[in-house]
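Worksheet: the structure to be examined is printed underneath.
Within every chain, numbering begins at 1; the chains are lettered A, B, ... in the order of the sequence lines, protein sequences first and strands thereafter. Only a predicted model underlies this, so the values are computations on that prediction, with no experimental measurement involved.
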Amino acid sequence: MSINGRAYIVGAYEHPLRKAPDKPTALLHAECALGAVRDAGLGLEDVDGYFCAGDAPGMGPLSMVDYMGLKLRHFDSTDVGGSSYLAHISHAAQAIAAGKCNVALITLAGRPRSEGMATGTAPRPGSPALPDTHWEFPYGPATVNLYAMCAMRHMHEYGTTPEQLAWVKVAASHHASHNPNAMLRDVVTVDDVLNSPMVADPLHRLDCCVISDGGGALIVARPEIATTLKRPKVRILGAGEAIKGQSGGAVDLTFSAARWSGARAFEEAGVTPQDIKYASIYDSFTITVLMQLEDLGFCRKGQGGRFVADGQLIAGVGRLPVNTDGGGLCNNHPANRGGITKVIEAVRQLRGEAHPAVQVPNCDIALAHGTGGTLGARHGSATLIMERE
Amino acid sequence: MNTTTGTMASHGNPLLQEFLEAGASGRLLTRWCTACHRPHWYPRGICPHCHSLDTVWRESDGLGEIYTFSVMRRAATLYVIAYVRLDDGVTMLTNIQTDDPDGVRIGQKVQAAFGGPDLLGGLPVFRTIE
């Protein structure tokens with residue numbers, strides 16, 4: 001069974017706050033949920049499926065369902081970090097196609113900024129039951145140095161340069177300058193990135209995403225319901241998921257699981273990278289974007305540096321507009337998991353509702369891609385391809 | 001990062017205990033599968049290649065090269081995290097112990113070293129040998 005054409009994204013909402021010290025995390029989830037159902041022209045009483053991940057307080061969906069007073073037939077709390085919410089859309093479409101629910105709600109929210117979390121630089125031990133933690137945590141694997149090691153190897157193998165990585169941030173900053181809600185709205189240059197403090201070689205401070213509060217929500221519905229709503233219709237064409245780890249010690253950091261999740265999504269969608277008019281690409285770090293563009297097939301392996309350089313990701317300038325909301329690098333990385341904002345901006349583009357300065361003309365097919373965990377150790381990957389109808 | 005491991009020792013994982021005991025006498029062990037004869041890292045009770053439960057230790061000469069690394073500068077004490085590819089065939093997460101972090105390069109030959117329980121709770125680090 002394919003999910004191609006079996007479900008639609010009918011509602012999308014991004015919380016406007018980037019710092020929310022006075023809002024409990026559960027309320028942020030609820031405000032996002034209400035924003036998304038209202039965007040669709042529905043109410044929470046119409047929701048019969050709920051999807052959340054580890055950022056939702058409580059055990060799986062239990063506390064949030066109780067808090068919001070949802071009455072459900074179906075739920076799923078798959079947690080693969082920042083890629084969770086892209087996987088949720090696929091799982092929601094599968095559930096809708098199987099008759100398990102009609103209107104699915106997906107929420108993400110969190111407050112790492114207000115809570116002062118050293119998100120990327122502090123190594124955090126997992127549960128003692130984690131089979132890898134005793135062998136790895138003592139060496140100080142933080143988020144940023146695990147990604148940095150991917151960048152270091154990419155530079156070694158393919159000649160990728162710090163300047164090319166910096167262009168990913170430059171493009172994000174151009175887009176964020178048009179987003180009034182973005183956390184960082186100043187346009188930066190390649191030199192600004194290279195002159196920012198080195199965090200973990202070769203990644204500078206401006207190679208890293210923001211730490212922000214906030215959240216987002218999406219509504220996925222069956223076709224019969226989508227046709228009754230007044231919003232532009234965004235059809236789900238295909239989706240793919242994959243997980244990549246250390247391969248039993250045969251470590252290869254030159255590629256990500258996007259190689260597999262992307263291929264599966266393109267096959268189900270029946271389109272190719274050349275058909276994609278806009279792409280939301282997970283941007284925890286600049287290297288994340290560069291590698292995933294290669295792995296999704298937008299360019300050959302090793303050519304990512306050239307692909308992103310010289311403004312090629314800037315809307316109206318380059319060959320592939322990427323993250324036109326400013327992305328995680330400038331706009332928002334709520335709960336340290338950017339997956340849902342990737343889909344929200346893709347939906348804006350397909351509806352023709354992105355900021356006019358970054359709206360892609362005739363944007364009929366878009367891709368959103370998420371990574372969760374860390375590329376340098378073990379990560380989940382989820383790719384989604386959507387079409388404006 | 002040489003402060004926390006002492007408190008993590010073994011956690012009921014006999015493989016970790018055996019590994020640390022060997023390290024205390026300067027021996028680096030890697031884990032191999034007796035069914036498919038391939039090594040794996042990190043050590044575990046199931047072969048991640050062929051899924052056999054028959055895995056055993058082999059002693060490694062501790063020689064390898066740096067596959068990739070990063071100098072972590074946003075830390076109380078600067079440190080070098082790395083993946084080292086052992087000549088035995090596995091690549092492991094580790095630290096490079098060096099007085100010259102800016103001189104670390106991919107491809108440098110390295111040798112395992114054990115600093116005892118005061119350093120990483122008995123886990124190995126690597127030092128460059130060229």
Side-chain angles (χ1 to χ4, degrees), chain A residues 118-158 196-205 207-208 245-254 285 287 374-378, chain B residues 1-6 8-13 15-16 19-20 30-31 33 38-50 66-75 77 79-83 85-86 88-95 101-102 104-107 119-123 125:
Chain A
T119 300
T121 52
R124 287 183 294 276
S127 150
L130 266 182
D132 48 73
T133 196
H134 309 295
W135 308 96
E136 298 182 358
F137 173 71
Y139 296 118
T143 306
V144 63
N145 58 9
L146 288 168
Y147 279 84
M149 287 197 290
C150 296
M152 194 69 90
R153 187 70 198 183
H154 205 277
M155 290 174 163
H156 176 79
E157 292 222 9
Y158 306 116
S196 65
M198 190 68 83
V199 178
D201 307 40
L203 297 180
H204 308 79
R205 184 159 194 251
D207 285 298
C208 307
Q246 294 174 335
S247 308
V251 173
D252 184 346
L253 298 189
T254 60
F285 300 93
I287 184 64
T374 57
L375 285 191
R378 41 196 71 82
Chain B
M1 292 303 296
N2 52 10
T3 53
T4 48
T5 15
M8 294 184 65
S10 98
H11 275 291
N13 180 348
L15 290 186
L16 182 61
F19 181 83
L20 293 175
T30 55
R31 199 75 183 170
C33 174
R38 283 181 280 183
H40 66 261
W41 192 264
Y42 55 91
R44 65 199 81 171
I46 178 172
C47 172
H49 307 300
C50 78
I66 296 172
Y67 171 75
T68 188
F69 72 98
S70 178
V71 183
M72 184 64 176
R73 300 181 189 274
R74 281 289 297 271
T77 305
Y79 62 97
V80 183
I81 196 168
Y83 276 108
R85 184 170 285 168
L86 291 177
D88 308 54
V90 293
T91 300
M92 59 183 289
L93 191 74
T94 186
N95 288 157
D102 292 328
V104 174
R105 295 286 178 270
I106 288 175
L119 180 67
L120 298 168
L123 289 176
V125 295

Determine whether more than 12 heavy atoms belonging to other residues, nucleotides or ligands lie under 6.0 Å from atom CZ of Arg124(A). yes
Where the side chain of Thr68(B) meets the backbone of Met149(A), is there a donor-acceptor pair that is under 3.5 Å apart? yes
As an exercise: rank Pro101(B), Pro43(B), Cys47(B), Pro39(B) by heavy-atom pairs under 4.5 Å with chain A and give me the winner. Pro43(B)
Do Arg153(A) side-chain atoms and Tyr67(B) backbone N/O form a donor-acceptor pair below 3.5 Å? yes
Going by ring pair (Phe, Tyr, Trp, His ring centres under 6.0 Å), name the residues that satisfy it together with His40(B), two or more places apart in sequence or in a different chain. none
Side-chain contact, heavy-atom cut-off 4.5 Å: Trp135(A) with Leu93(B)? no
Euclidean distance, Thr133(A) OG1 relative to Asn13(B) CG, rounded to 0.5 Å: 11.5 Å
Side chain, backbone, both or neither: which part of Gln246(A) has an atom under 4.5 Å from a heavy atom of chain B? side chain
Atom group of Arg85(B) that falls short of 4.5 Å from chain A, counting heavy atoms: side chain
Tell me which of these, His49(B), Arg105(B), Arg38(B), has more heavy-atom pairs under 4.5 Å with chain A than the rest. His49(B)
Taking all non-hydrogen atoms of both residues into account, name the closest pair between Met72(B) and Ala200(A) and its distance. SD-CB, 3.9 Å
Exercise: identify the closest heavy-atom pair between Arg44(B) and Gly248(A): NH2-CA, 4.3 Å
Under a 4.5 Å heavy-atom cut-off, does chain B meet the side chain of Ala377(A), its backbone, both or neither? both
Where do Tyr139(A) and Met92(B) come nearest, in terms of heavy atoms and distance? OH-CE, 4.5 Å
Leading residue by heavy atom contact count with chain B [cutoff under 4.5 Å; candidates Pro131(A), Ala148(A), Ala122(A)]: Pro131(A)
Strictly distance-based, threshold 3.5 Å: is any side-chain N or O of Thr91(B) a donor or acceptor partner for the main-chain N or O of Ala250(A)? no
Where do His134(A) and Leu123(B) come nearest, in terms of heavy atoms and distance? O-CD1, 3.5 Å
Donor-acceptor pair, Tyr83(B) side chain versus Val251(A) backbone, under 3.5 Å? no
